[in-house]
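Working notes, beginning with the structure itself.
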Amino acid sequence: MERDYQPSVIESIVQAAWDADGVFRRTEDPNKPKFYCLCMFPYPSGKLHMGHVRNYTIGDVISRYLTMNGYNVLQPMGWDAFGMPAENAAIKNQVPPAAWTYDNIAHMRGQLKQLGFGYDWDRELATCTPEYYRWEQWLFTRMIERGLAYRKKARVNWDPVDQTVLANEQVIDGRGWRSGALVEQREIDQWFIRITDYADQLLEDLETVDWPDQVKTMQRNWIGRSQGVQFSFERPGHGDRLEVYTTRPDTIMGITYVAVAPSHPIAVSAAQQQPALAAFLAECTQMKVAEADLAQAPKRGMATGESVIHPLTGEEIPIWVANFVLMDYGSGAVMAVPAHDQRDWEFATQYGLPIKAVIAPQEADPSYDLTTAAWTEKTGITINSGVFDGLTFEQAFAAVAARLTELGIGQITTNYRLRDWGIGRQRYWGCPIPVLHTDEGIKPVRDQDLPVVLPEDVVVDGQGSPLVRRRDFVDTIDPDTQRPAQRETDTFDTFMESSWYYARFASAFSQDAMLDQNANYWLPVDLYIGGIEHAILHLLYARFFHKVLRDLGLVSSDEPFKKLLTQGMVLKDGSKMSKSKGNTVDPQALIDQYGADTVRLFTMFAAPPEQSLEWSDDGVAGAHRFLKRVYSLVCDAVERDDATAPWTPDQLSEDARELYRKLHQTIAKVSDDIGRRYHFNTAIAAVMELVNQMQRFEPTKPADRAMYREAIEQVVLLLSPITPHLSTYLWQALGQTRPLHTVAWPTVDADALTRDVLTLVVQVNGKLRARLEVAATASEAEILAQARSEPQVQKFLEGMTEMKAIVVPQKLVNFVVKPA
RNA sequence: GCGAGCGUGGUGGAACUGGUAGACACACAGGACUUAAAAUCCUGAGGCAGAAAUGCCGUGCGGGUUCGACUCCCGCCGCUCGCACCA
């Protein structure tokens, strides 16, 4: 073996052998427990960045560890290949998006292989291929059949820079999530998917998954389920009624006005006779988005001059238009109770509308002052409410709801913040929506005519979608009537592709169905690893798709991802790596300089996965240094040719026994850190400690030498999930013939961990005063006696009265004293 | 504004169930090897006092619970993330 550690030589040899032997190819095996470990697949942007390296190393370490522990581990990889960057690159470089994308994939695949990730490449998929998206098109036509997909004219978020429609989730503070441009409102015919039909399940099944609370909370808030009452007001002289939704029916007697959204039909029709109101409405549609990002947009409104009748008092109540009322939540109109809703209070105060208290606190409450703010607690008692007086929130809610139901004008309803998912995009580089526009209306494309293939030989010039201009794509024949028809030119939101790729990996070879029975062998994903930035969008959509797939009989589980691990960001100089800040680190340069094992080791060592990772070039050099030390440790052992003769622990010298104990402590620690805690940094630190101790150890006796040799082998195994190339090479150098990837993970010799002598800590009043060597078998009385006799302890017991003594077995003794 | 998380040496971090604070590493300093440097190896190190033994202080700040608190509770300060008129 070479005296010098040469990572590039070792790594390419080892990788070639993995490739040749198909080491990571996986099939279903009923005799082993399965484990499906999935990392979020990348967008093929051109080259890997540090975030990818970190994400995929975490998954690879866990996968390799579990494989050594007898699991049948599936770890696939693919490409989230549709999306706008390809179109932008096409405009810039005059390259078709497809060619650009496939080139990037080829390069990044090479980088992933260089990093030594153990993927089953036979299952690789790219979402931009017809083999993949044909099943998405198939699923979409099933959704149309089931009424889950529908078309409606809707006000949509229009991104003027990207020239596309955005989902609500893609609008951040009134700006496009990718372009950052101010979003405008437009009316467009759109495809929607009824994710709201699954809102309850999406909410309730969160209880069943092992996800970070933070992510679950974000999803719960996003779904935003609320219980309330929907009821309607009579509109005198109009013959129709005004619907409102409230979560506070207990305050119904405090209504002093009703507010409608600026785009509400009542506001629009009232504006026809009132130029001032019309001007205000026009202003609102412009302001809506522009001011959405302001923390506290001022409340503005205008009276319509119309009114409704209070359903319980018969009073006449004015209708106002208010800019803070949302058209697409509830019915776009609210009952206003300024005494008990802060928004209503601010509005009423501004426009001089009456404030009527109908809830009083049960006990004196200094925050109850309706001249300064609304009182919105649900802990009060109803007042000024006639027959409803003296009730708690729950009682009043039930009584008012019952009364409105009895009158036939209302009922208890559940509302959601979550909206249906608009999935159409006016972009070229995406999956074609498989429908035809015929003279009989819109029709889904028949199964036998799928896939609708996206033409790849196009010129993208930024002037709208090239698909619209492709007559050979657009013009077709309605198979039912044989008359001309046009294909839809909108494509799917790319979140559609990423919503089911995890399932396709598990059924990658199925030719004539979206998924086959193997999907149920692998699913659900046991561990899903990725960035927290996908906490809402991607993870919610994928959960929704999974339930749809389940209802179509394609999968048998309720949830796609059993456990979720969200990794932190990679930082440089305290902030996120970005091109604009110029603080990026290119993983390729590091692989070239130090090798993949060093890069893997450092990214795992620098911080635990959920935390952000501060990049340090010096730290990488340090990680490399450690691997060189391990390398030369093995080198020395190979040169010395220590015998592997049989030996027993009682033949070991004192020092050797201590090292042997350290070895098994380390095995226990590393197993727990990798297998349970996913804290690789401390696992690595433990191996470093062991290696440090081994370097100081000079084996002389035959048994010591044999034990030392074994310890070296175990170190190589303990590091192997993290530095698989080096470990594979060293394993062979140590004369092992069995392939490393089939070797079982080291087991702990429990006897090695027991000690005859323990070190206890002695405290006086909680302060550390001495250390004590005691026999493991010593009784509490013996320990106390020994502790009291320590000079350092006596010094502090001198002249004191001992109140009590606490003995914590294996750990410490604490004397509680006070001055005599 | 609301919600969640975090705050430990010069730096990244460790201390998992309340029981030796600072493991491991980086940077730094001193030494060995070398003609010299790099590489490698050894040693040192939270702060203050002290030659040392040792003592006191110390996990954002203030309080509390406890024999004992980085860890639990209350209040503040700071940073990060998410949501932001959802009636």
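These figures come from a predicted structure and were not determined experimentally. Throughout, protein chains are lettered first and strands after them, A, B, ... in sequence-line order, and every chain is numbered starting at 1.
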Under 3.5 Å, side-chain donor or acceptor atoms of residues 210-219 of chain A against the rest of the protein: list the pairs with distances, not counting sequence neighbours.
residue	atom	partner	partner atom	Å
A:D210	OD2	A:K563	NZ	3.1
A:W211	NE1	A:F561	O	2.9
A:K216	NZ	A:L206	O	3.4
A:K216	NZ	A:V209	O	3.1
A:T217	OG1	A:D213	O	2.8
A:Q219	OE1	A:R543	NH1	2.7
A:Q219	NE2	A:A535	O	2.9

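Partners of A:F347 by ring pair (Phe, Tyr, Trp, His ring centres under 6.0 Å), not counting sequence neighbours, listed by chain and number: A:Y257, A:W320, A:F324, A:Y351. Annotation: side chain to side chain donor-acceptor pair (under 3.5 Å) contacts of A:Y416 (sequence neighbours excluded): A:D200. Scored by the side-chain contact (heavy atoms from CB on, under 4.5 Å) test, A:L812 finds A:V761, A:Q763, A:V808, A:N814 as partners (sequence neighbours excluded).
We find that CD of A:E610 is positioned 12 Å from P of B:rG13, with the value rounded to whole Å. To the nearest angstrom, P of B:rA87 lies 21 Å from CD1 of A:I319. Straight-line distance from the CG atom of A:D4 to the C1' atom of B:rA38: 14 Å, rounded to whole Å.
The shortest distance between the side-chain N/O atoms of A:S226 and the OP1/OP2 oxygens of B:rA87 is below 4.0 Å. For B:rA84, one of the phosphate oxygens OP1 or OP2 lies less than 4.0 angstrom from a side-chain nitrogen or oxygen of A:R417.
Residue A:K216 is out of contact with every strand shown, counting any heavy-atom pair closer than 4.0 Å. A:S632 comes within 4.0 angstrom of nothing in the nucleic acid, heavy atoms only. Backbone-only engagement by A:G622 is indicated by non-hydrogen atom pairs under 4.0 Å involving sugar-phosphate atoms exclusively. Nucleic acid contact for A:V337: none, since no nucleic acid atom lies under 4.0 Å from a heavy atom of the residue.
B:rG9: glycosidic angle within 90° of 0, hence syn.
Of the C1' atoms belonging to B:rG13 and B:rA27, the separation is 14 Å, rounded to the nearest Å.
At a threshold of 4.0 Å, the pair A:R3-A:D636 counts as salt-bridged, since one of the basic side-chain nitrogens sits closer than that to a carboxylate oxygen.
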Under-3.5 Å N/O pairs linking protein and nucleotides 63-74 of chain B:
residue	atom	partner	partner atom	Å
B:rC67	O2	A:N814	ND2	2.6

Treat primed atoms plus P, OP1 and OP2 as sugar-phosphate and everything else as base, then score nucleotides 39-48 of chain B 5' to 3': B for base contact with protein heavy atoms under 4.0 Å, S for sugar-phosphate contact only, - for none.
SSS-------
